[in-house]
Each structure stands twice: as structure tokens, then as C-alpha cells.
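For the numbers below, each heavy atom of this structure counts, side chains included, while hydrogens, waters and symmetry mates do not. Order of the sequence lines fixes the chain letters, A, B, ..., with proteins taken first and strands second; residue numbering starts at 1 for each chain.
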Amino acid sequence: MARTNFSIKAPPWLRLRTIVFSHGWVDLPPFAWNESTKTLRAVGRINRRIVLLEIEQPKVSRLDVVMTAKGALSESSIDQAKAVINEMLGLSHDFAEFYELAGEDFAWAKELGSGPFLRGASVFEDAVKMLATTNCSWSLTRQMINRLVDELGEKGPEGVRAFPTPEQMAERPSDFYRDVIRTGYRAKFFKEIAEISASRKIDLERWKQFPGTTKELVTEIRQVPGLGRYAAENLCKLLGRFDGLGLDSWCLKKFPMVRGPVRGDVAKAIERHYKRFGAWQGLALWLDLTRDWHQKDVTVPEPFKKK
DNA sequence: GCGTCCAGGTCTACC
DNA sequence: GGTAGACCTGGACGC
């Protein structure tokens, strides 16, 4: 077992905890958060080898990382790990335009370092997780992903399991996803997304550098069975595109709690409210709805409390 | 203990 | 293009 320490220079606005609790992924394996040490555990793959990454931010200007893997770790693998962390924390995205547009309304979010969304080690991982959020409670999403990683995730250092690859998932029949992972009617979608990704019929990883508009990207994402408008627009948010609102029943319920009672169609009220943010409307909405997750007295945001 | 509702939707058939 | 109904699971709730 090899272990190495390295640091990453952090941009001045970066707040690790804000990114970790940007949405629900930290509650799903292989991610884990240690509140007492403020350490994010992530699992990635470097040259097909599973690496455990333990990330903390001891100073505003720096991330410290402990990387563990089976076998020796070279300088090159450290560089690759830095790239993986950069992707996971969404550090390549620039939010200056949003904060310029948003002004004082979102000064609190700028102060918190909000903007980047925590992402899995691959777009495939994010897409499968998004599929598991559809039409069910968060606790069921958690159960499905826990079972998936437990059953198919390859073991890495210190017993952690990586998220399964498309190839590993494609090998299993849809019955497996129904009977073992207990995904219900979503079983065929789990099988199909794995096959589509493994065969490169659609290259999900290409979505990171998709050359077209967000509308075109949403159209491509929706070619994957099981990923509809909600899933596609929220995947786009992870990819740094916020043109879509990605509304779900939780958003419709929370909006009146944040912005006051709404007469009539809540979805239309949300569209009207955030229209002025243009290409950033999805971010403005999400920051509004999750502001209470980042209050100083909150140790674990409400949606992530174990049930 | 049991029945009902519904949750961080999507798909298909039908109009 | 819009909409109704089916689809799985499991937690919450009322009785």
C-alpha cells in the first residue's frame, strides 16, 4: 500500500465545505464527509487503478490531500490526481459573470464560495446517480447507490469501493438491478445506460467538453433512456451549465418557503422569478433553495441527515 | 399491523 | 404539443 501527501493551491474564493454540501452527492458512496476533521473522502481511478483521496482545506489558500493506492505512486500519478480533484470540485468553472450579474442579492453566496457542484469521478457516475434520484425519496436514492457500490464496486485501498464502471454494470442483467439493487422499474434504465456508455454509443465523458449549446446537450442527454428533463438539466448543472432550472417536486415545495407564498402555478412563478439571470438562472434558483444548508449553526444540512 | 400517500420523474399512448 | 396513466420502492402517517 502506498501513501503520499501533496497540496493544491486553492483559488481565494474556494471553500471546500461549501462545494461538498453544494448538493446531495456527498451523501452517496464512494463519497464521505468527516465533519469533525472537515475531510472529504473521494475515490477515483488513475490508470485504471483505484485511488483513495482524502481532501481537506487547512488554509483558505490550500487543499491538502492524502492519496492512497495499492502499489507505488509516481509524480505523474500525483499530477493526474490533481486533475481528478479539479474535476470533482468543479474548479475549472468561472462564476465571476454570475456574481457580476447577481450583485448584492447573492453577495452571501459569493462570500461562501458557492457555484461549483461536487461531481463524481466520471460523468457516468453522475448520470447513474441522477437516474437514482428520479421519482423517489432521497433515502431510497441512498439505498440504491449504496447497494450498487457494495455489489459491483471494485475494492480499492483500505477497503473502499470505487463506483462501478460502465463495463462492470453492463455485464449484469436488468433483473440484477431490479432484484438485488432494488431499483424497481428503473432496472432497465440502469442496464441501458451502462450498455450505452460501455459501447460508446453515446460518449458520456464527452459532455464535459460538449461543443454545442446547453439545449443541444440536454437533447443528447435525453437520448439516454430514463434521463428526462429534470435529470438532464441537473446533470448540466454539474457540468457547469445553468441555463435550465431542473425543477423537481422538492424545488416546487421549497420555493414558496424561501420566496413567499405563490398563487397559481409554482413552476411558472419560478421561471418568472429567475428569468433575469438568463444563462445562470439554474444556479440562482439552486443557491436560493439551499442557502439554509450553509448557515453557520448547521453541521449537517437537513437533506443529508440519516434516516 | 395495515392501507394509503407520495417522494429531488420518465415513458408511452392517445388526442 | 399537451396530458393521463402506469411504473417500483420504501418511509411517513393515520387508524
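- Across B:dT10, C:dC8, C:dG10, the shortest atom-to-atom separation from the side chain of A:Gln143 is found for C:dG10.
- Each of A:Pro225 and A:Cys136 was assigned the nucleotide of DNA chain B with the nearest heavy atom; the assignment lying further toward the 5' end belongs to A:Cys136.
- Put simply, the side chain of A:Thr165 reaches to within 4.5 Å of the side chain of A:Arg45, judged on heavy atoms.
- Comparing atom distances between the A:Leu140 side chain and each of B:dG9, C:dG11, C:dT9 picks out C:dT9 as nearest.
- Spacing between C:dC8 and B:dA13 at atom P, rounded to whole Å, works out to 15 Å.
- Taking atom CZ of residue A:Phe21 and atom P of nucleotide B:dG8, one finds them 18 Å apart after rounding to whole Å.
- You'll find that the side chain of A:Ala231 is closest to B:dT10, out of C:dC7, B:dG8, B:dT10.
- As the counterpart of B:dC14, C:dG2 is assigned, both hydrogen-bonding distances of the Watson-Crick or G-U wobble pattern falling under 3.5 Å.
- Within the 4.0 Å cut-off from OP1 or OP2 of C:dG10, at least one side-chain nitrogen or oxygen of A:Arg182 is found.
- Put simply, the side chain of A:Lys237 does not reach to within 4.5 Å of the side chain of A:His23, judged on heavy atoms.
- Contact annotation: A:Arg147 reaches the phosphate of C:dG10 (side-chain N/O to OP1 or OP2, under 4.0 Å).
- In this entry the distance linking CD1 of A:Ile193 with P of B:dG9 reads 17 Å, nearest Å.
- With both ends at atom P, the span from C:dT3 to B:dG8 equals 24 Å, rounded to whole Å.
- One atom, CZ of A:Phe255, and another, P of B:dG8, lie 18 Å apart when rounded to the nearest Å.
- The closest side-chain heavy-atom distance from A:Lys208 to A:Arg119 is below 4.5 Å.
- One atom, CE of A:Met130, and another, C1' of B:dT10, lie 15 Å apart when rounded to the nearest Å.
- Looking at A:Lys215 and A:Asp243, their side chains never come closer than 4.5 Å, going by heavy atoms from C-beta outward.
- Atom pair A:Lys129:NZ and B:dG8:P shows a separation of 18 Å (rounding to whole Å applied).
- In this structure, A:Leu118 atom CG and B:dG8 atom P are separated by 20 Å, rounded to whole Å.
- With both pairing distances under 3.5 Å, C:dC8 is matched to nothing as a Watson-Crick or G-U wobble pair.
- Rounded to whole angstrom, the span from the CG atom of A:Leu252 across to the P atom of B:dC6 amounts to 15 Å.
- The aromatic ring of A:Trp138 sits over the base of B:dG8, with ring centres less than 5.5 Å apart and planes tilted by under 30°.
- A ring-ring contact (aromatic ring centres under 6.0 Å, His included) with A:Trp286 is found for one member of A:Tyr274, A:Phe255, A:Trp250, A:Phe98 and no other, namely A:Trp250.
- Map A:Thr133 and A:Phe189 each onto its nearest nucleotide of DNA chain B; the residue landing nearer the 5' end is A:Thr133.
- The pair A:Glu125-A:Lys129 counts as a salt bridge, with a side-chain nitrogen and a carboxylate oxygen less than 4.0 angstrom apart.
- When heavy atoms are screened at a 4.0 angstrom cut-off, A:Ala187 is found touching no nucleic acid atom at all.
- Contact check, A:Ser137 against B:dC6: no side-chain N or O comes under 4.0 Å of OP1 or OP2.
- With B:dG8, C:dG11, C:dC8 as the candidates, the nucleotide lying closest to the side chain of A:Ser249 is B:dG8.
- Here A:Arg229 lies in heavy-atom contact (under 4.0 Å) with sugar-phosphate atoms only.
- Across the protein-nucleic acid pair, A:Met144 atom CE and B:dG9 atom P stand 11 Å apart, rounded to whole Å.
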